[in-house]
Amino acid sequence: MKTKDLGTTAPNTWCPGCGNFAILNAIKPVLADLDEEGLVAIENVVLVSGIGCHGKIADYVNANSFYAIHGRTIPVATGIKLANPDLNVICFAGDGDAYAEGLDHLIFAAKRNIDITTIIHDNRVYGLTTGQYTPTSPSGFLGRSTPAGLEVPPINPLEIVFASGGSFVARGYSHGIELLKDIFREAILHRGFSFVDVLQVCATFFNLYDYYNERVYTLEEHDPRDRDRAEEKMREWDYNSDGPIPLGIFYREDASTFGDNFMKYNSKITDLEGRIRGALEGFL
Ligand code: SF4
């Protein structure tokens, strides 16, 4: 499998300069490499996307895919994984998609440690509907629905996922794809719920390239198994202050997945049934 084999003939309608291109151009070589190395067969990959500009990524990658409805990418991805645990499910969602309408699903997927990968195209604006604020838009954001400036501070999605029990928490940026490729590869190979917030610039309605370029840096000599340090680094930038903005894998731990726990529960139920049946037979 080569990267070019993962392209499609669907006409790309993203705006020139859109950060979605970086995510697309990072995920394709990662999937091709994983297939080539025998780690993840492409026929076992399922991409799930939601509503928003990002959703079209399902059209642009030649792999099994499913367009979900707004805010419901994670439940669809969860259902696919539970129905067939052999599949490798990668969920793409926007910040409006996953942090507004779908926030409860994100929290519960992290809590349950569902073995899927979730990549958020966090452009901090509703781009498809031409520029309204989202949960990660900064205070003062000037958009179609807030012409006098947004008065509400943003959420920090990394802290939310971490506090909910996420076992892999990372942040990427859509300028330059090498770091994105590294993070995506590790996220896909991680066993458990992998969460990657990508600062994906909307070139048309919220162009933050200059702002990010002055502030981002890559985590180095950071041990992602260190919970306290991971939390400290996640708090270094609250999506509102001036930075600096760390990028990379903040936190990673090996923990039992929802599938593991479900199997354990099933065997306990089978055992309980056997004991009840045995007790009843003793009465009869
Ligand atoms: Fe990308 Fe923004 Fe254009 Fe949507 S509106 S395709 S997010 S640049």
Side-chain angles (χ1 to χ4, degrees), residues 6-28 47-62 65-74 90-103 106 117-147 149-150 154-155 157-158 170-177 179-181 183-184 195-216 239-240 245 247:
L6 287 174
T8 71
T9 54
N12 194 306
T13 57
W14 287 331
C15 309
C18 175
N20 283 325
F21 286 103
I23 296 175
L24 176 65
N25 291 330
I27 198 72
K28 285 196 296 185
L47 311 179
V48 180
S49 70
I51 300 297
C53 298
H54 82 275
K56 299 172 194 166
I57 198 164
D59 286 340
Y60 305 149
V61 183
N62 185 18
S65 60
F66 192 108
Y67 258 114
I69 56 174
H70 198 235
R72 309 292 177 239
T73 49
I74 290 176
I90 305 170
C91 184
F92 297 91
D95 45 319
D97 213 17
Y99 302 154
E101 197 169 352
L103 183 62
L106 179 67
T117 300
T118 296
I119 295 170
I120 310 296
H121 300 229
D122 186 1
N123 56 16
R124 309 172 71 198
V125 66
Y126 284 101
L128 193 66
T129 50
T130 69
Q132 297 78 18
Y133 74 91
T134 74
T136 48
S137 301
S139 302
F141 173 78
L142 295 168
R144 299 259 172 164
S145 55
T146 51
L150 178 63
I155 61 165
L158 273 65
R171 182 192 288 132
Y173 171 38
S174 64
H175 184 72
I177 65 167
L179 180 63
L180 273 187
K181 282 166 60 180
I183 295 173
F184 288 171
F195 169 78
V196 186
D197 181 72
V198 180
L199 301 174
Q200 173 255 308
V201 174
C202 171
T204 303
F205 294 106
F206 199 24
N207 192 330
L208 291 171
Y209 279 120
D210 289 344
Y211 174 86
Y212 288 145
N213 287 343
E214 283 170 17
R215 292 165 176 80
V216 295
Y239 290 72
N240 217 22
I245 304 175
L247 304 174

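One is the number of the first residue; the rest follow in order along the sequence. Both counts, for ligands and for their atoms, begin at 1 and track the order of listing.
For atom 7 (S) of ligand 1, the nearest non-hydrogen atom of the protein is Asn123 ND2, 3.4 Å. Nearest protein heavy-atom contact of atom 1 (Fe) of ligand 1 is Cys18 SG, 2.4 Å. For atom 8 (S) of ligand 1, the closest heavy atom belonging to the protein is Ala203 N, 3.4 Å. Of the protein's heavy atoms, Cys202 SG, 2.3 Å lies nearest to atom 2 (Fe) of ligand 1. The single protein non-hydrogen atom nearest to atom 4 (Fe) of ligand 1 is Cys53 SG, 2.4 Å, given as residue, atom name and distance. For atom 6 (S) of ligand 1, the closest non-hydrogen atom on the protein side is Cys15 N, 3.5 Å.
Ring geometry for Phe21 versus Trp14: interplanar angle over 60°, hence perpendicular rather than tilted (30 to 60°). In this pair, Tyr99 and Phe195 present their aromatic rings tilted. The plane angle is within the 30 to 60° band. Using a 30° and 60° split on the angle between ring planes, His54 and His121 fall in the tilted class, from 30° to 60°.
At distances below 3.5 Å, not a single donor-acceptor pair connects side-chain atoms of Arg124 with backbone N or O atoms of Leu208. Formation of a donor-acceptor pair under 3.5 Å by the Asn20 side chain with backbone atoms of Ile57 is not found in this model.
Of the options Phe206, Tyr133, Tyr239, a ring-ring contact (aromatic ring centres under 6.0 Å, His included) to Phe141 is made by Phe206 and by none of the others.
A 6.0 Å sphere centred on OH of Tyr126 holds more than 12 heavy atoms belonging to other residues, nucleotides or ligands.
In the vicinity of Thr204, heavy-atom distances shorter than 4.0 Å reach the ligand 1 atoms 3 (Fe), 8 (S). Atoms of ligand 1 lying under 4.0 Å from at least one heavy atom of Phe205, given by number and element, are 5 (S).
Contacts of His121 with ligand 1, taken as heavy-atom pairs under 4.0 Å, are absent altogether.
Heavy atoms of Gln200 come nearer than 4.0 angstrom to ligand 1 in at least one pair.
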